[in-house]
Amino acid sequence: MATIDGLPPLREVINRHDLRARKSLGQNFLMDLNLTARIARQAGDLTACDVLEVGPGPGGLTRALLHEGARHVLAVEKDPRCLPALAEISARYPGRLTVVEGDALKIDVAQYLRPPVRVVANLPYNVGTELLIRWLTPDSWPPFWESLTLMFQKEVAQRITAQPGSRAYGRLSILTQWRARARMVMEIPPAAFTPPPKVTSSVVQIERRDEMLFPADEAILTRVVAAAFGQRRKMLRASLRGLHPDIETLLESAGIRPTERAENVSIEGFCALSRALEKAAGRGG
Ligand code: SAM
């Protein structure tokens with residue numbers, strides 16, 4: 001069967017290179033090149049961008065990114081069995097694909113990338129959330145990336161994009177939305193993968209903000225949110241008691257009822273409380 005880029009169909013690539021999926025590496029491969037093209041298009045115009053892809057596997061999404069015109073793709077893959085298949089893609093798109101073998105959690109990718117950079121990946125489930133948190137919390141802002149187009153389990157995607165008042169709202173929602181705009185853009189059923197995972201997947205589009213949504217000291221905000229959601233069923237006056245002896249007054253000064261629960265407080269509220277705590281600490285309180 002002919003493919004749009006003249007390379008063999010993915011099923012053939014997988015059979016020829018004997019790429020039997022390994023659970024330990026979170027391997028669920030997307031086989032439909034129309035679907036990978038749709039994911040690549042969610043990332044916007046790639047022609048003037050470098051793209052970082054984590055976990056290219058047999059290269060379905062990689063091929064789509066290159067076909068959609070990405071200036072350059074840096075693909076980081078832990079499984080050496082995938083390298084021959086990726087080398088064939090590299091030969092089809094000379095000078096536009098660099099493959100680095102290794103663990104994305106350990107490799108310093110910045111040295112390989114030229115801005116502007118977009119990250120597009122069907123992430124291995126076992127490292128997806130950790131990578132997202134690292135990308136959202138660099139030493140300085142703005143980060144090396146302009147946008148992240150990432151596939152997660154639907155449940156994780158819901159936590160990233162959740163609004164106050166919902167059960168999914170929590171640390172990951174605030175961590176992401178304080179620094180970026182996040183929305184779910186696609187849902188992908190288990191049957192689209194080989195082997196099919198147990199859960200539905202979702203693609204999330206995250207665009208970085210130049211400025212944080214509301215001012216707050218990052219370390220204080222992180223502490224407040226961790227304490228609030230660490231005991232999310234408790235009232236805030238109880239869950240945040242350890243942060244300040246007069247937490248009730250500080251909550252009120254931030255416009256939050258002390259009897260409120262964490263999941264009903266907006267990011268604006270958490271930022272106001274962080275500023276109140278910072279001010280109180282400055283007064284020696
Ligand atoms: N992108 C391919 C696709 O869409 O069909 C494969 C996605 S599969 C869910 C995840 C890929 O990430 C696998 O190829 C796996 O070998 C790779 N991987 C797992 N852990 C990794 C890590 N720590 N660093 C880099 N790649 C990793």
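A quick note: this is a predicted structure, and the numbers were derived from the prediction, not measured. When a ligand or atom number is given, it counts from 1 through the structure's own listing order. Only heavy atoms go into these numbers, but all of them, side chains included; no hydrogens, no water, no symmetry mates.
- Between L30 and ligand 1, at least one pair of N/O atoms sits closer than 3.5 Å.
- Between V54 and ligand 1, no pair of N/O atoms sits closer than 3.5 Å.
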Self-check item: R38 and L35: CA distance, side-chain angles, deciding distance, side-chain contact (heavy atoms from CB on, under 4.5 Å) verdict
Solution: CA-CA 5 Å; R38 276 178 58 208; L35 190 58; 3.9 Å; yes
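- Within the structure, ligand 1 has G26 among the residues with a heavy atom less than 4.0 angstrom away.
- Residue nearest to atom 21 (C) of ligand 1, selected from M31, E130, K78: K78 (by heavy-atom distance).
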With a cut-off of 3.5 Å and sequence neighbours excluded, list every side-chain donor-acceptor pair involving residues 191-206.
from: S201; atom 1: OG; to: Y125; atom 2: OH; distance (Å): 2.6
from: Q205; atom 1: OE1; to: T149; atom 2: OG1; distance (Å): 2.6
from: Q205; atom 1: NE2; to: E207; atom 2: OE2; distance (Å): 2.7

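- By the ring-ring contact (aromatic ring centres under 6.0 Å, His included) test, F152 pairs with no residue at all, sequence neighbours left out.
- Counting only distance, with no hydrogens or angles, the side chain of N122 and the backbone of M151 share no donor-acceptor pair below 3.5 Å.
- Remark: the R241 side chain and the Q231 side chain contain no N/O donor-acceptor pair separated by less than 3.5 Å.
- Between E77 and ligand 1, a contact under 3.5 Å exists for at least one N or O pair.
- Ionic pairing of R41 and E68 is present here: one or more N-O contacts between side-chain nitrogen and carboxylate oxygen are shorter than 4.0 angstrom.
- Residue contacts with ligand 1 include P56, since one or more of its heavy atoms lies under 4.0 Å from the ligand.
- Here R22 has no heavy atoms under 4.0 Å from ligand 1, in either its backbone or its side chain.
- Of all the heavy atoms of A121, none lies under 4.0 Å from any atom of ligand 1, so neither backbone nor side chain is involved.
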